[in-house]
K.L.:
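This is the structure I want to talk about, given as structure tokens.
Computed from heavy atoms alone, side chains included, the values below leave out hydrogens, waters and symmetry copies. A, B, ... follow the sequence lines: proteins, then strands. Residue 1 opens every chain.
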Amino acid sequence: MTMDTNERTSTELEQLATLNAMLARTSREEGGLIPALQTAQNLFGYVPHFALEHISTSLRIPMATVYGVVTFYHFFSMQPRGKYTIRICLGTACYVLGAQAVLDAFREQLDLEVGGTTPDQLFTLEAGRCFGACGLAPVIMVNDVIHQRVRPEAVAGLIQHYREAEQHEGELV
Amino acid sequence: MTNSIRELEDAKVIFVIGSNMTEAHPVISYYVKRAVQKGAILIVNDPRRIDLVNWATMHIQHKVGTDVAYINGLMHEIFANGWAKEEYLRECTENPEVIREVAAAYPLERASAICEVPIEQMKEVARILGEAEAVSVCYTLGITEHICGTDNVKTLANLQMVLGNIGKRSAGLNPLRGQNNVQGACDMGALPDVFHNYQPVANPEVSAKIAKAWGVDKLPTKPGYKKPTIIDKALDGGTKILYCVGDNAVQSDPHMAHTIRAMQSLELFIVCDIFPNITTPYAHVIFPDTSWAEEDGTFSNTERRMQRVRKVLTPPGEARPHWWVLQELGKRLGKDLGFTSANAIWEDMRSSSTGFAGITWERIHQYGLQWPCPTLQHPGTPFLHAQGRFSRGKGLFHAVEWIPPAEWADEEYPFVLSTGRRLWHYHTRTQTGNVAGLEAIFPEELLEINPEDAEKLGISSGDMVRVSSRRGSIEVKAWVTDRSPRGVCWCAFHFEDACANVLTNNAFDPVTETAEYKVSAVKIKKISDGVGWDTPIRRQARP
Amino acid sequence: MNIELNGKIYEVEPGQTILEAARSHGVYIPTLCYHAKTGGVGKCRVCVVEVEGMRGIVTACTVQVGEDMKIVTESPSLRKHRKMVVDLLLSAGHHDCLSCAQCGNCELQDVAYSLGLTHPSFPQPERKPEDLSSEFLVFDETKCIQCGRCIQGDNCTVINDTLGFAYRGADTKVSFDHDLPIGSSSCVQCGECVQLCPTGALTDKKARGLGRNWELEKVNTTCPYCGVGCQMTLHVDRKQNRIVRVTGREDAFNEGMLCVKGRYGYDFPSSPKRLTHPMIRKNGVLEQVSWEEALDYTATRIKEIVDRDGPDVFSAFGSGRITNENNYAIQKFTRAVIGTNNVDHCART
Amino acid sequence: MNIERIASISTLENIRDKARASSPENGKSEEQEAVLLCAGGGCIASGAYAFKEALQSALNSQGLADKVTIIETGCLGPCAQGPVCVIGRDKTYYQGLQPTDAEELVSSHLKGNQIVERLTWKGEGEKPVPVLADIEFFKRQTKIVLRNCGRIVPTSLQDYIAHDGYAGLAKALTSMTPEQVIDEVRISGLRGRGGAGFPTHIKWTFTRNSEDPQKYILCNADEGDPGAYMDRSVLEGDPHSIVEGMALGAYAIGSSKGYVYVRAEYPLAIERLQIAIDAARQAGLLGKRILDTDFCFDVEIRMGSGAFVCGEETALINSIEGKRGEPRPRPPFPAVKGLWQKPSCLNNVETFANIPAIIHRGGAWYAGMGTEKSKGTKVFALAGAINVSGLVEVPIGAKLREIIYDIGGGIKGGGVFKAAQMGGPSGGCIPAAHLDVGLDYETLQSLGAIMGSGGMIVMDEHSCMVDVARFFLEFTQDESCGKCVPCREGTKRMQAILTKICAGEASMEDLDLLEDLASTVKSTSLCGLGQTAPNPVLSTLMHFRDEYVEHITDRKCRAHVCPALVQFNINDNCTGCTLCARRCPVQAISGEKKEKHVIDQSLCIKCGACLLACKFEAVDKQ
């Protein structure tokens with residue numbers, strides 16, 4: 001089943017073009033599969049199914065192997081992610097200083113389970129492993145921004161802050 | 001096959017031409033794929049993008065029916081770069097100068113023009129073949145089912161002799177025989193010009209020896225007609241009686257209308273089979289035969305290995321092993337053929353054969369033996385012509401010129417139809433038609449059309465189309481797929497209601513009288529819209 | 001090379017693993033994920049043994065024998081560990097043997113029996129439905145022990161590249177392509193995975209309920225389809241006069257491998273549509289007759305025509321489908337009885 | 001900035017001397033001044049860049065822009081006190097810097113060289129200790145791995161060379177044979193810093209002895225242990241030391257190709273390491289014919305993708321090969337058959353960071369530090385209930401008490417030390433009774449813990465040891481690769497039992513089953529993850545068995561952590577203000593206005609909202 005291009009939006013098409021360009025330079029022998037998946041993840045924000053097919057055919061790696069790798073690593077997601085990925089660090093230091101309560105607060109406020117995305121595609125909630133900022137425990141990351149010493153009560157405010165940033169941006173664009 | 005199947009796993013270079021191996025010989029394809037996994041180079045030469053290409057290093061899509069030009073072009077490049085094994089040519093072949101002339105007549109420009117393979121690709125293939133220490137060549141009916149079938153095989157033989165690949169491990173010239181015991185049928189002398197063990201009927205001493213063994217005073221020395229001639233002669237009274245065992249000729253022979261007319265004009269048509277099919281209605285007498293697993297005996301496989309088949313089921317109703325029928329007919333015609341049991345027949349055959357003399361049922365109880373195996377102590381022969389010592393002495397080159405197929409695509413019939421087999425079925429489905437499950441996987445015939453050609457004709461997968469040739473037309477469902485190259489469509493002959501052999505051309509190879517199943521000119525017209533398939537992943541051998 | 005197994009000295013070849021060496025001398029070491037074709041991968045950890053000088057206990061299927069290696073394959077602690085590992089496996093699924101096709105031929109059943117395990121001691125997960133979407137295979141996830149033999153087989157022996165492990169940790173599962181039902185996956189149903197599966201996870205659909213493994217007689221034969229001539233074993237129910245199941249012979253040149261026709265195309269002899277009686281065309285209609293009548297009629301008609309027009313009007317077709325013996329019989333009849341060389345067969349299609 | 005190719009040891013030396021003169025540590029020249037601002041991941045998170053802008057504008061407004069330059073450096077160590085900086089000349093150390101402090105810092109210190117005591121380190125009795133060298137936290141440390149962190153610009157090749165960068169490599173390539181390099185490492189007594197402590201020179205010798213034209217040298221920067229972040233700080237603060245360390249390793253074992261496997265969660269580390277690699281290539285310190293010798297070596301970064309198991313040697317190798325990160329049975333060991341079946345040697349970031357120093361200053365110097373069997377220094381990542389959490393590098397053998405109290409400033413909020421968890425999910429805990437244990441590989445092993453990567457989580461009485469063991473089992477069970485049965489199934493069952501214990505529904509037989517499981521998982525698992533997964537349980541059982549028994553028989557959680565075993569009751573301080581009743585999400589609190597309220601235990605979900613809301617400390621948590 002070849003991927004019918006008309007179904008894809010224009011942005012996805014250029015992203016696909018960049019992916020194909022990268023694939024052309026990659027060879028299966030030097031373990032090109034994971035860098036290819038990482039490229040797809042960074043381009044699309046997640047690894048869509050048609051990207052898996054492209055990677056499988058151009059690197060000549062069976063789909064079963066590609067699927068086995070993409071479902072093994074925590075970093076890859078095959079569902080579209082929210083604009084803001086909230087990762088709560090569940091490292092030992094954070095856990096001992098109350099990260100679980102922070103995670104529960106986020107689950108309540110966003111009405112999400114870990115790994116879920118809000119219907120408005122704004123937030124994805126993840127439980128992450130140690131980010132290496134244990135001095136500022138408990139820590140959460142929103143995309144690449146680290147928030148330190150987060151208290152459960154501050155969670156509502158944080159969500160509101162990003163919601164407003166979104167509306168604000170919404171008006172501008 | 002000159003060599004054995006398992007040698008393929010250690011081959012360094014495998015050159016496959018005219019063989020849809022993953023569908024027609026799946027277990028051999030497993031060994032080829034293992035060789036590739038171990039680093040071997042696999043070159044697949046087939047006009048179609050067959051599934052084996054998924055594992056191939058190179059896929060050469062030469063034009064249908066131009067094999068001789070393509071191979072002669074390769075040999076030209078091999079000679080030009082000094083890759084030919086001159087020492088082998090000197091010591092092991094009779095007439096090396098013949099092949100140098102033939103190759104000289106096919107510079108790459110000419111060869112490429114005919115077979116439409118880009119020159120750089122031919123150079124690359126020639127380099128790989130030339131520099132390899134051993135190349136195994138495998139081919140099937142894609143090479144033999146042409147009016148120049150014999151020439152194709154001779155050209156491949158020429159190539160392998162130029163490269164010195166006959167007579168060593170993981171090399172050789174390997175025809176992959178299609179049917180479970182077609183090798184055995186030839187071994188046992190079911191051929192007009194030879195007795196069992198390829199002993200020529202025309203040779204007086206042989207004829208005398210076998211006449212004595214069979215207890216008859218004289219045996220006919222004039223070679224008989226081949227099957228296509230037998231069928232043609234039925235129309236002019238040359239053939240009055242046809243005794244047909246296990247062969248659904250109407251569906252499997254080319255130009256079905258012609259075959260039916262021949263059957264109808266026979267005076268006595270005796271058919272012996274296990275199931276009714278579209279040939280049995282024309283029979284005067286039908287004998288019910290015992291099927292596989294209902295009688296003991298032996299098969300010979302494609303690597304010349306004779307192996308046991310065993311009886312585990314009691315045959316239905318009155319079905320009897322066929323040698324019993326012949327024994328009874330023989331008695332009524334005044335000759336006791338001595339067919340008391342399958343093993344007795346085997347011993348009778350063995351007593352008057354040469355290369356099979358060492359093979360007994362006891363010796364092949366556990367594992368088969370590969371002939372030639374002349375004595376009871378002989379271990380069998382994994383590969384023939386060892387160290388280039390050909391059984392006929394020295395290798396013989398044949399000067400072979402390329403000739404176009406009998407019928408080429410033209411304005412009225414713009415497409416080339418090629419035919420073949422699928423993984424899921426076997427020949428005319430006499431057996432697989434009665435297997436629960438195979439029908440469900442592949443329920444009807446499909447015409448495979450190239451996407452660009454299909455778009456021009458407004459055809460999409462699932463539509464019904466009418467395919468017509470100068471000999472007839474069929475209605476078949478379309479499968480738009482890149483398995484077919486531009487200008488070529490393909491379908492099998494498994495299903496009687498959409499059988500390719502209605503269309504195929506009954507033009508024959510002059511030597512073997514094999515019909516040109518691989519090339520017929522057809523036209524295609526869409527009849528009605530249909531529903532395509534929406535499969536989540538590209539699959540082998542089906543949409 | 002000499003090694004010591006449970007106190008006795010044995011002669012072994014270098015390069016063998018401890019498991020192969022022990023088995024070649026009849027010393028039992030339980031295994032689940034080891035198979036001659038797919039090798040020792042050290043996944044199930046049931047074949048653990050104690051080796052003097054090596055830290056901790058090691059898997060016999062991956063460690064090669066060394067000169068004067070002292071190995072203990074049976075000890076209370078080894079038995080305790082093996083028992084715990086098999087108990088964990090039994091609890092991880094629903095290995096209920098009552099009507100499982102693999103009963104009597106299941107390596108997990110055998111190992112549990114040898115360790116005296118009666119039932120899983122941990123709470124079992126909820127059941128999952130079997131995958132019945134393909135014509136010939138059934139995949140029951142709750143009987144899968146993730147030994148990976150099917151995947152190793154699919155990627156390294158038959159190389160159809162359909163199977164792979166997906167997901168991670170406790171959710172690891174055998175997946176067809178990207179976790180598709182078998183029927184819509186790229187699986188060509190060659191059945192190699194079924195033959196390699198140690199438990200009842202992958203079984204033959206058509207054979208279900210038609211005969212226990214030990215009830216069926218095993219007879220070796222050659223495949224009736226293509227020219228490769230694969231060696232196979234027929235599992236026959238003599239009473240029902242039926243072939244129930246086919247497996248490839250591991251010791252033959254095809255190393256146990258078959259294709260979909262060879263492994264699953266065995267039931268045409270039992271079809272009711274078989275021709276069962278001789279028939280003769282009487283005023284345009286084919287009628288059943290006795291053998292006597294058919295043979296007499298045929299012999300007299302042949303004699304009449306051959307005497308009238310000579311032997312060359314007779315021709316016979318042998319076949320690439322029937323045995324050597326029958327082909328030989330046809331050519332001998334044509335030449336010795338009729339006296340013509342008009343005999344050929346369909347080598348051309 | 002273009003970097004010309006360094007073709008010989010002499011060019012390297014005069015670059016070093018030139019660079020040393022203008023090294024930012026003491027300003028570009030005599031009257032120049034520099035502010036070394038820590039730009040490690042932790043400080044950036046606490047606002048280092050915001051402070052930098054404010055400081056720059058303050059310098060401009062006060063006319064010091066050309067005299068004082070702001071230098072971004074790697075991590076200084078005390079991450080929790082971030083953002084921090086050190087003044088170049090007089091080495092004054094400031095912490096907790098907010099943008100509003102910038103003006104004061106410039107005006108009083110830089111202009112009026114008057115210490116801003118408010119922002120300095122507070123020592124004993126809150127007494128300010130301005131100069132870096134006098135501060136206990138720094139004084140007791142011996143920085144080898146972190147020698148350049150916080151003192152050089154991480155991405156500046158000149159700066160690195162100025163601090164003896166690539167001197168070790170030059171020395172080795174021009175005057176030492178590979179065997180001599182290995183011997184120097186042998187003398188140094190360096191052991192693997194990844195956790196197992198396998199002697200580095202033995203690993204290098206094994207790989208050297210495998211004949212194969214193509215060998216690989218690999219750097220394990222997966223650092224999956226939660227609570228460990230020293231590798232990140234080294235990669236962000238001193239990436240060149242890793243490049244040089246790997247080059248030396250490659251020269252020793254005879255390899256020409258290296259890979260650094262960095263986890264995806266460290267984007268900044270990857271960025272800076274890539275800059276360092278590119279700079280080294282331009283300078284001819286990587287690539288073909290390094291320093292005009294016939295030694296060629298190049299190194300490439302490969303990103304992890306979120307799998308703790310890829311910290312294991314062979315799983316990491318499988319990951320680089322583009323496969324599922326599943327470990328391989330050993331033997332064959334990677335030194336014989338590793339990456340793409342070629343001999344490969346894998347060492348940790350911290351191990352590589354030591355190598356340049358050892359080669360440059362000699363193995364004997366390094367062996368002078370540490371204990372009899374474990375030489376050199378170890379970086380610990382102090383975190384948890386401790387006043388000063390951050391990176392601490394001390395000679396091996398230092399006492400736990402010294403690290404926690406003298407360096408770490410004691411337990412946060414004056415709490416009581418209960419245990420220090422070492423080695424993350426593969427490690428164990430050290431109770432108060434062993435505070436005076438000298439930390440080295442063997443002593444930790446005997447206590448049921450392991451050195452591990454050096455993560456040290458300090459816990460006070462607010463932590464429940466059973467819950468910590470449950471947390472670690474949940475971690476390893478979630479991160480198990482699923483390849484072998486004991487780890488895949490065993491950890492799941494162990495976690496289930498621990499959860500039952502925390503829920504107060506377990507029996508003593510469950511405890512025996514837990515120990516049986518632990519012993520099988522530990523002895524039959526295929527790789528390190530499975531073999532060490534039971535350690536957190538075994539070590540907490542060894543030191544805190546009474547807490548387990550309490551959970552099971554008395555259904556009591558001493559630290560009030562396990563929700564099922566915690567009870568919230570209202571005491572007599574209650575003034576009936578009804579605030580708690582309104583805050584309770586399940587309306588479990590009843591009572592009239594001004595009357596003492598009551599919590600209905602059957603409804604209470606132990607969320608603690610009432611405790612947080614109450615202004616009169618009328619809610620007790622038992």
K.L.:
Quick one: does C:Phe333's side chain get under 4.5 Å of B:Leu329's, heavy atoms only?
P.N.:
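They are in side-chain contact.
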K.L.:
Measure the CG-SG distance between C:Asn326 and B:Cys272 for me, rounded to the nearest 0.5 Å.
P.N.:
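C:Asn326 CG to B:Cys272 SG: 8.5 Å, rounded to 0.5 Å.
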K.L.:
Find the distance between OG1 (C:Thr323) and CD (B:Glu295) and round it off to the nearest 0.5 Å.
P.N.:
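One finds 5.0 Å between OG1 of C:Thr323 and CD of B:Glu295.
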K.L.:
Among C:Ala347, C:Gly318, C:Ser184, who wins on heavy-atom pairs under 4.5 Å with chain B?
P.N.:
C:Ser184
K.L.:
Pick one of side chain, backbone, both or neither for C:Arg238, based on which atoms fall under 4.5 Å of a heavy atom in chain B.
P.N.:
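Interface part for C:Arg238: side chain.
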K.L.:
Would you check if the side chain of C:Asn341 reaches a backbone N or O of B:Pro220 as a donor-acceptor pair within less than 3.5 Å?
P.N.:
yes
K.L.:
Would you mind checking which part of C:Asp237 comes under 4.5 Å of any heavy atom in chain B, side chain (CB onward), backbone (N, CA, C, O), both or neither?
P.N.:
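Neither part; nothing is under 4.5 Å.
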K.L.:
Could you tell me which portion of C:Asp307 (side chain, backbone, both or neither) has an atom closer than 4.5 angstrom to a non-hydrogen atom of chain B?
P.N.:
neither
K.L.:
Counting heavy-atom pairs under 4.5 Å to chain B, which of C:Pro224, C:Ala252, C:Gly248, C:Gly339 comes out on top?
P.N.:
C:Pro224
K.L.:
Below 4.0 angstrom, N of the basic side chain to O of the carboxylate: do B:Asp247 and C:Arg321 qualify?
P.N.:
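Salt bridge: no.
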K.L.:
To the nearest 0.5 Å, how far apart are CD1 in B:Ile286 and CD in C:Glu287?
P.N.:
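Going from CD1 on B:Ile286 over to CD on C:Glu287, the span is 12.0 Å.
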K.L.:
Is there a side-chain contact between B:Ile270 and C:Ile302 (heavy atoms, below 4.5 Å)?
P.N.:
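Yes, close enough: below the 4.5 Å cut-off.
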K.L.:
Return the option, out of C:Val337, C:Leu295, C:Ile280, C:Thr221, with the maximum number of heavy-atom pairs under 4.5 Å with chain B.
P.N.:
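With the most close heavy-atom pairs to chain B, the winner is C:Leu295.
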K.L.:
Is chain B contacted by the side chain of C:Cys230, its backbone, both, or neither, given a heavy-atom distance below 4.5 Å?
P.N.:
side chain
K.L.:
Under a 3.5 Å distance rule, please check whether C:Arg281 uses its side chain to pair with a backbone N or O of B:Ala283 as donor and acceptor.
P.N.:
yes
K.L.:
For the side chain of B:Gln179 and the backbone of C:Tyr225, is there at least one donor-acceptor N/O pair under 3.5 Å apart?
P.N.:
no
K.L.:
Hey, are the side chains of B:Leu333 and C:Lys303 touching, using non-hydrogen atoms and a 4.5 Å cut-off?
P.N.:
yes
K.L.:
Is B:Arg320 in contact with chain C via its backbone, its side chain, both, or neither, using a 4.5 Å heavy-atom distance?
P.N.:
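Contact with chain C: backbone and side chain both.
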K.L.:
Compute the ring centroids of B:Phe287 and C:Trp291, then answer whether they are less than 6.0 Å apart.
P.N.:
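Yes: the rings meet the under 6.0 Å criterion.
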K.L.:
At a 4.5 Å cut-off on heavy atoms, which part of C:Gln189 comes close to chain B: side chain, backbone, both, or neither?
P.N.:
side chain
K.L.:
As an exercise: rank B:Ser29, B:Pro26, B:Pro276 by heavy-atom pairs under 4.5 Å with chain C and give me the winner.
P.N.:
B:Pro276
K.L.:
Quick check: do C:Arg301 and B:Ile241 have side-chain heavy atoms less than 4.5 Å from each other?
P.N.:
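Heavy-atom side-chain distance check fails, nothing below 4.5 Å.
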K.L.:
Taking only Lys NZ, Arg NE, NH1 and NH2, and the carboxylate oxygens of Asp or Glu, determine whether B:Lys222 and C:Asp312 approach each other closer than 4.0 Å.
P.N.:
yes
K.L.:
Is B:Phe339 close to chain C through its backbone or its side chain, or both, or neither, when contacts mean heavy atoms under 4.5 Å?
P.N.:
side chain
K.L.:
Can we say C:Glu292 and B:Arg332 salt-bridge, meaning some charged N sits less than 4.0 Å from an Asp/Glu carboxylate O?
P.N.:
yes
K.L.:
Please assess C:Glu325 against B:Asn343 for the test side-chain hydrogen bond (donor to acceptor under 3.5 Å, both in side chains), listing each intermediate value before the final yes or no.
P.N.:
CA-CA 8 Å; C:Glu325 289 72 14; B:Asn343 195 4; over 6 Å; no
K.L.:
Would you call B:Lys240 and C:Glu304 a salt bridge, using N to O less than 4.0 angstrom?
P.N.:
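No, this pair does not count.
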K.L.:
Would you please say whether a donor-acceptor pair under 3.5 Å links the side chains of C:Asp251 and B:Gln366?
P.N.:
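Yes.
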K.L.:
For residues C:Lys273 and B:Asn434, is any side-chain donor paired with an opposing acceptor at under 3.5 Å?
P.N.:
yes
K.L.:
Among C:Asp296, C:Asp309, C:Thr300, C:Thr334, who wins on heavy-atom pairs under 4.5 Å with chain B?
P.N.:
C:Asp296
K.L.:
For each of C:Val158, C:Val236, C:Asn327, tally heavy-atom pairs with chain B at distances under 4.5 Å, and name the one with the top tally.
P.N.:
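Option with the top pair count is C:Val158.
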K.L.:
Can you tell which of C:Cys190, C:Pro272, C:Pro269 has the highest number of heavy-atom pairs within less than 4.5 Å of chain B?
P.N.:
C:Pro269
K.L.:
Please check: side-chain N/O of B:Lys226 versus main-chain N/O of C:Asp344, any donor-acceptor pairing under 3.5 Å?
P.N.:
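No; judged by distance alone, with no hydrogens or angles, the pair does not exist.
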K.L.:
Just so I know, are the side chains of C:Pro278 and B:Pro288 near enough to count as touching, which here means a heavy-atom distance under 4.5 Å?
P.N.:
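Contact flag for C:Pro278/B:Pro288 side chains = yes.
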K.L.:
Which residues pass the side chain to side chain donor-acceptor pair (under 3.5 Å) test with C:Asn324, sequence neighbours left out?
P.N.:
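C:Asn324: side chain to side chain donor-acceptor pair (under 3.5 Å) contacts with B:Asn181, B:Thr298, B:Ser300.
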K.L.:
Is the backbone of C:Val219 close enough, under 3.5 Å, to the side chain of B:Arg310 for a donor and an acceptor to pair up by distance?
P.N.:
no
